[in-house]
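Data first, discussion second: the structure below is written as structure tokens.
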Amino acid sequence: MTDTAQVTKHWNVDIFIDEHDGQTRAEARLVSGDRTHLSGAGRARRNPADPSVPEIGDELAVARALSELAHRLLHAAADDIEGVTARPADR
């Protein structure tokens with residue numbers, strides 16, 4: 001019989017957003033219970049001819065930051081796989 005104790009892990013993603021001169025910048029930071037600490041950044045710029053709707057800039061910048069964070073997490077996992085198996089992982 002195999003011992004399959006269930007473990008629940010909790011990871012946090014903190015998102016920081018700032019606006020300056022018509023540009024919105026977001027940073028998404030992943031902090032896990034282990035040694036995983038990654039971040040991704042995203043930017044959005046409003047066209048001067050468009051109406052000012054700050055939440056759209058926030059949404060775009062955050063989506064881009066999360067996308068970059070996801071890519072970095074995939075690369076970290078691939079590096080970990082290579083370290084364990086001594087074989088390149090599919091990326």
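A distance of 9.5 Å separates CZ in R45 from CG in D50, rounded to the nearest 0.5 Å. Of the inter-residue distances, the one linking D14 atom CG with E27 atom CD reads 9.5 Å to the nearest 0.5 angstrom. The distance from atom NE2 of H71 to atom CG of L38, rounded to the nearest 0.5 Å, is 13.5 Å. Between the CD atom in E55 and the CD1 atom in I17 there is a gap of 11.0 Å [rounded to 0.5 Å]. Atom CG of residue D79 and atom CD of residue E82 lie 5.5 Å apart, to the nearest 0.5 angstrom.
The cluster map of Ile, Leu, Val, Met, Phe, Trp and Tyr, joined by side-chain heavy atoms under 4.5 Å apart, puts V31 and L66 in different clusters.
Nearest heavy-atom pair, R29 versus S39, reported as atom, atom and distance to 0.1 Å: CG-CB, 4.0 Å. Pairing each heavy atom of A44 with each of R64, the nearest pair is CA-NH1, 3.8 Å. Considering all non-hydrogen atoms of both residues, D34 and H37 come closest at O-NE2, 3.8 Å. A pairwise comparison of heavy atoms in A65 and A26 identifies CB-O, 3.7 Å as the closest pair.
In this structure, the side chains of K9 and S32 stay at 4.5 Å or more apart for every pair of heavy atoms. Two residues are said to be in side-chain contact when any heavy atoms from C-beta on lie closer than 4.5 Å; E19 and D58 meet this criterion.
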